[in-house]
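A short write-up of the structure that comes next.
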Amino acid sequence: MSQTTATDTGNVAAPRAMKHYLNHDKTIWSWLSTVDHKRIGLMYGVTLAIMFLIGGTLALLVRIELLTKGPTIMEADTYNQVFTMHGIVMVFLFLVPSIPAVLGNFALPMHLGAADVAFPRLNLASYYVYLAGGALVLCGLIVGNVDTGWTFYTPYSSQGDGSVLFLTSAVFVAGFASIFTGINFIVTIHKMRAPGLTWDRLSLFTWSMYAVSIVQVLATPVVGITMVLLFFERFLGIGIFDPALGGDPILYQHFFWFYSHPAVYIMILPAFGVVSELIAPFVRQPINGYKFVALSSVAIAFLGFLVWGHHMFVSGQSAVSSIVFSLITYLIGIPTGVKVCNWVVTMYKGSIWLQTPFLYALSFLFLFTIGGLTGIMLGVLAIDIHLHDTYFVVSHFHYVMMGGTVIAAIGALHYWWPKMTGKMFSETWGKVSCLLVFLGFNLTFLPQFVLGSRGMPRRYAQYVAEFQELHQMSSYGAFLLGFGLFVALGVFIHSMMAGKKAPPNPWGGATLEWQCTSPPPYYNFLEPPTVNDPYNYKPLVYRDGDRGWEYVHPEAPEVPQSEPEPAQS
Amino acid sequence: MEDKGTLWLPVDASTMAGEIDSLFYFTYYVSIAIFVAVIVAMVYFVIKYRRKHANERTERVHESKILELTWIVVPTILCMVVFTWGFQSFLRMSIAPPGAYEITVRAAKWNWEFEYNNGFVVGGNLHVPADRPVRLVMSSADVLHSLFVPAFRVKHDVIPNRYTSVWFEATKAGEYDLFCTEYCGTDHSGMLAKVVVMPQDEFNEWVDSRGGMSDDMPLPELGELLYQQRGCLGCHSLDGSEMVGPTFQGLYGSQRNFGDGTTAEADDNYLRDSIVNPGSRIVEGYQNQMPAIYGTLSERELSGLIAYIKAQQ
Ligand code: HEM
Ligand SMILES: [Cu+2]
């Protein structure tokens with residue numbers, strides 16, 4: 001039985017004391033100046049974790065303030081600044097870069113069988129540009145009292161003391177980080193695929209990274225331009241958006257959503273890709289409708305440019321535009337729904353292994369479906385009139401951005417953790433934290449749907465008495481959610497300090513990164529990887545004794561395991 | 001006793017509300033059905049196909065064209081149904097019936113002002129007749145605001161450089177919340193009012209008498225009227241209870257302690273100053289949240305308010 005050693009695929013059984021990307025050079029400088037995509041991914045990861053912590057703390061402050069209808073711990077002004085910073089940090093500094101910059105950087109080149117991205121130095125530059133953007137936000141936090149909301153609507157944002165400019169320039173600068181990553185990924189996917197890796201063999205994660213990169217490159221300049229126009233208005237007094245100078249505030253909203261609607265796809269498309277990877281290996285089935293799932297990401301990326309006006313149904317844009325925007329909104333909603341069906345049907349006749357990453361995928365399906373369906377409700381013109389700018393919208397976008405993207409990202413972090421660190425984590429505690437996060441999340445945001453449809457406006461520091469109970473439920477949910485996330489953090493810290501050594505392929509994945517050692521060597525593959533269908537699980541067998549999953553040579557006899565094979569062909 | 005509406009929606013008090021609620025509940029139940037179908041299938045598969053031992057084989061499942069068509073075609077049809085329904089209602093909501101009664105609305109940080117066709121201007125609450133289409137023609141003096149009346153299911157942004165409008169026909173006499181739903185700065189969440197729906201003849205009387213005001217009315221009565229019309233009641237109670245601002249009960253003649261450590265006696269001058277210049281001294285424990293819009297009250301109106309406050313012992 002054990003004549004089928006890992007040498008069949010060449011690179012799995014590398015020598016024990018091998019140097020890998022984490023330890024081949026341990027100086028701080030080697031990290032700060034690295035051009036290795038995996039290290040850059042990790043540096044992004046640590047930075048984004050800090051951002052998430054800052055954004056999350058601000059969110060908890062918001063929820064504490066809303067425990068009572070009057071002032072609880074802060075005045076209205078402070079409250080307004082807190083929710084503004086929460087939004088800016090979470091959207092521009094956390095969600096937009098999150099999956100591409102951390103997990104994309106780490107895993108994408110390996111999915112392609114490549115040694116690195118096409119432009120490693122540009123990749124490092126992206127990180128530092130991002131840091132510069134983050135620093136500007138920090139300046140804004142310290143010197144300023146920015147309270148415009150993350151949407152910076154004019155003319156409110158063109159008044160005030162100018163500290164809003166720190167934030168708009170931060171968005172501008174951080175935008176370049178996105179563009180760099182986008183360009184890098186597009187070129188890498190076109191040019192650096194391993195021999196034999198044809199387009200129809202790309203992993204769905206790769207497809208989604210491809211789609212998202214297109215949006216990043218095409219949409220991000222628009223937010224850059226918008227922020228520059230805000231600058232001009234302020235410093236040169238050119239009237240663009242401010243009616244006092246002869247500008248038009250609705251024009252700003254068109255500009256803003258022309259970027260920010262595609263940006264919601266920048267946030268969710270990577271999650272779509274990740275979820276496909278989190279489902280297939282744990283089900284041992286290829287994703288149902290591979291072609292549809294792959295190409296619909298690209299289609300959604302393009303259509304995403306045509307629906308920005310659905311954020312403006314009550315803004316004063318013409319009724320005709322509203323109707324057209326409402327119609328196109330469904331053109332995106334439907335393929336998205338079809339994807340969900342594909343994921344669920346993939347489980348049919350599968351062999352479902354309930355490990356933590358898969359639990360997160362289930363959690364994603366549950367939450368994202370709610371987010372998507374409520375999106376459809378909001379797309380219905382007459383209903384949106386009532387729901388716009390209420391907590392219903394707040395809840396909708398948290399279901400898609402947090403319940404969708406963040407849950408997928410945490411799931412993916414569990415999935416790739418053994419590859420990143422070479423350590424396993426505690427399954428039990430991983431599952432506990434997944435459950436806590438799931439419960440906490442729903443307790444936080446389900447009441448917000450009811451609040452919103454009953455008329456509770458968003459961005460209110462104080463509110464009328466009838467809403468208090470639902471707000472309190474939501475706040476308690478937020479505490480539970482926060483606690484769940486800390487348990488997840490604990491799981492990772494424990495794994496780093498005392499985790500078992502991870503095998504090269506702990507989950508039975510068939511994408512190429514699982515052919516590298518855990519953690520991978522500096523250039524990922526010691527020998528060119530064997531390119532396969534990314535979702536063909538037939539040749540993978542599970543070995544006892546912490547060896548995880550290994551490839552069986554096609555000619556080798558099927559290996560009996562500790563349990564007997566079921567009697568079927 | 002009080003109608004609270006359904007679980008998801010507040011009381012409906014306009015002619016459009018019923019239609020929108022049916023649409024809401026239609027999409028809601030269809031969504032619930034789809035959601036339940038997805039989750040039941042998911043949970044069923046997870047239980048049924050749970051991995052029994054590590055090296056279980058799976059057979060590749062062939063994609064079913066019929067299934068795929070179903071989940072493309074059925075949602076598309078449903079979407080087109082709600083889209084069509086939604087945009088027809090939307091058109092009805094966008095176009096006011098001819099002959100609607102017009103009220104001019106001016107929004108400014110952080111209050112609403114309503115002007116009736118006889119030139120009567122009132123801050124605070126919006127009074128409208130029942131069973132008659134009312135069209136609000138709105139503009140903003142500063143930033144974006146948005147007028148939202150949940151009970152009528154109407155909302156529209158109020159913009160500085162152009163007029164926007166909404167219309168509704170209230171069906172039930174009563175008081176309903178009016179909120180600002182476009183973020184507008186510090187006291188955005190205090191930019192509230194009530195919509196007071198009155199039977200047509202009562203409403204006419206109310207407008208003609210400028211809210212029941214007359215030149216010869218006794219000062220305390222004038223004060224009471226202004227207390228209600230100008231929105232003082234939103235922040236100042238008469239029964240000692242805590243609200244955004246200090247209560248009026250027992251206010252006159254009491255000693256006031258200010259945030260900066262100074263004190264004063266609440267005499268006539270203090271009251272006048274607090275109304276006209278609300279930001280000049282802030283009582284300990286409160287914030288500078290009272291709008292500075294009362295400087296335009298006439299001397300007689302000020303005296304009326306002071307007399308009314310005096311009467312609250
Ligand atoms: C089936 C898919 C979706 C549909 C049909 C949909 C529809 C809508 C509609 C109509 C609105 C406007 C509501 C209003 O402002 O009154 C909205 C708001 C929003 N959606 Fe979605 N959405 C979908 C998915 C997503 C996804 C995937 C994301 C992000 C990952 C997202 C993020 C947002 C955000 C951030 C807002 C609110 C923006 C704001 O006002 O601050 N949506 N959505
Ligand atoms: Cu406002």
Side-chain angles (χ1 to χ4, degrees), chain A residues 75-77 80 149 153 155-156 243 248-249 284-285 288-289 314-316 319 323 326-327 330 333-334 337-338 340-341 344 347-353 362 365-366 369-370 373 377 380-383 385-386 388-389 450 453-455 457 459-464 541-542 561 563 565-566 568, chain B residues 8-10 20 23-24 27 31 34-35 38-39 41-42 45-46 49-51 53-59 61 63 68 71-72 75-76 79 82-83 86-87 89-91 93-94 143-144 146 148 150 153-157 159-162 164 177 179 181-189 287:
Chain A
E75 303 172 26
D77 269 328
N80 295 342
Y153 270 16
Y156 188 73
D248 181 1
R284 296 204 89 184
Q285 284 284 8
N288 184 281
V314 305
S315 69
I323 290 167
S326 164
L327 188 61
Y330 297 116
I334 292 163
V338 172
V340 171
C341 295
V344 172
M347 297 177 203
Y348 176 66
K349 288 199 172 164
S351 160
I352 295 177
W353 194 22
L362 293 180
L365 287 177
F366 186 101
T369 305
I370 297 182
L373 288 168
M377 289 180 83
V380 181
L381 283 164
I383 305 181
I385 303 294
H386 177 62
H388 177 72
D389 268 342
V450 186
S453 65
R454 294 197 65 86
R459 298 177 172 171
Y460 264 31
Q462 281 137 43
Y463 50 86
V464 297
V541 292
Y542 186 77
Q561 300 308 305
E563 294 102 335
E565 287 287 318
Q568 51 168 262
Chain B
W8 282 89
L9 293 163
I20 291 162
L23 181 52
F24 179 92
T27 45
S31 300
I34 295 175
F35 176 71
V38 169
I39 299 306
M42 180 177 106
F45 291 156
V46 167
Y49 301 112
R50 199 144 166 211
R51 193 170 296 184
H53 57 86
N55 280 304
E56 208 169 61
R57 301 270 103 187
T58 51
E59 278 317 305
V61 179
E63 288 160 18
E68 255 160 60
W71 67 48
I72 294 180
T76 309
C79 278
V82 289
F83 164 73
F87 106 70
S89 301
F90 174 72
L91 285 184
M93 294 168 87
S94 314
V143 297
L144 301 176
S146 189
F148 177 35
R153 319 282 190 266
V154 294
K155 176 183 294 125
H156 206 290
D157 285 6
I159 306 171
N161 67 337
R162 68 177 83 166
T164 56
D177 285 319
F179 297 125
T181 47
E182 187 63 79
Y183 176 71
C184 57
T186 311
D187 209 16
H188 169 54
S189 61
Q287 284 141 29

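Proteins come first, then strands; the chains are lettered A, B, ... in the order of their sequence lines, and each starts at number 1.
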Quick one: does [X]'s side chain get under 4.5 Å of [Y]'s, heavy atoms only?
X: Thr164(B); Y: Val314(A); result: no
X: Thr58(B); Y: Lys349(A); result: no
X: Glu182(B); Y: Asp389(A); result: yes

To check you understand the geometry: which heavy-atom pair defines the closest contact between [X] and [Y], and what is its length?
X: Val380(A); Y: Gly86(B); result: CG1-CA, 3.6 Å
X: Val344(A); Y: Phe45(B); result: O-CD1, 3.4 Å
X: Arg153(B); Y: Ile385(A); result: O-CG2, 4.0 Å
X: Tyr49(B); Y: Met347(A); result: CD1-O, 3.5 Å
X: Pro457(A); Y: Thr181(B); result: CB-CG2, 3.5 Å

Open item on the list: Main chain of Ser351(A), side chain of Arg51(B): is a donor-acceptor contact present, judged purely on distance under 3.5 Å?
Closed with: yes

Open item on the list: Between Ser189(B) (side chain only) and Gln462(A) (backbone N and O only), is there a donor and an acceptor less than 3.5 Å apart?
Closed with: yes

Open item on the list: Pair Trp71(B), Val340(A) - check side-chain contact (heavy atoms from CB on, under 4.5 Å), show working.
Closed with: CA-CA 10 Å; Trp71(B) 67 48; Val340(A) 171; over 6 Å; no

Open item on the list: So which residue, Asp187(B), Leu91(B), Asn161(B), ends up with the most heavy-atom pairs under 4.5 Å with chain A?
Closed with: Asn161(B)

Open item on the list: Please identify, among Glu68(B), Met93(B), His156(B), the residue contributing the most non-hydrogen atom pairs under 4.5 Å to chain A.
Closed with: His156(B)

Task: Listed partners of Phe87(B) passing ring pair (Phe, Tyr, Trp, His ring centres under 6.0 Å), at least two apart - done: Phe83(B)

Could you tell me which portion of [X] (side chain, backbone, both or neither) has an atom closer than 4.5 angstrom to a non-hydrogen atom of chain A?
X: Val61(B); result: both
X: Ile39(B); result: side chain
X: Ile159(B); result: side chain
X: Met42(B); result: both
X: Phe35(B); result: both

Chain B contacts, top residue of [options] (heavy-atom pairs, under 4.5 Å):
options: Glu75(A), Arg454(A), Arg284(A), Gln285(A); result: Arg454(A)
options: Ser453(A), Ala76(A), Gly455(A), Pro249(A); result: Ser453(A)
options: Pro243(A), Ala461(A), Ala382(A); result: Ala382(A)
options: Gly149(A), Gly289(A), Gly333(A), Gly337(A); result: Gly289(A)

[X] portion near chain B, given a 4.5 angstrom heavy-atom threshold:
X: Tyr330(A); value: side chain
X: Tyr153(A); value: side chain
X: Ile334(A); value: side chain

Task: Distance, nearest 0.5 Å, that separates CD1 of Ile323(A) from OG of Ser94(B) - done: 7.5 Å

Task: Rounded distance [0.5 Å steps], CD1 in Ile34(B) versus CG in Leu373(A) - done: 5.5 Å

Open item on the list: side-chain contact (heavy atoms from CB on, under 4.5 Å) for Asn288(A) and Glu63(B)? Distances and angles first, verdict last.
Closed with: CA-CA 7 Å; Asn288(A) 184 281; Glu63(B) 288 160 18; 3.6 Å; yes

Task: Arg162(B): partners by salt bridge (charged side-chain N to carboxylate O under 4.0 Å, His left out), with sequence neighbours left out - done: Asp248(A)

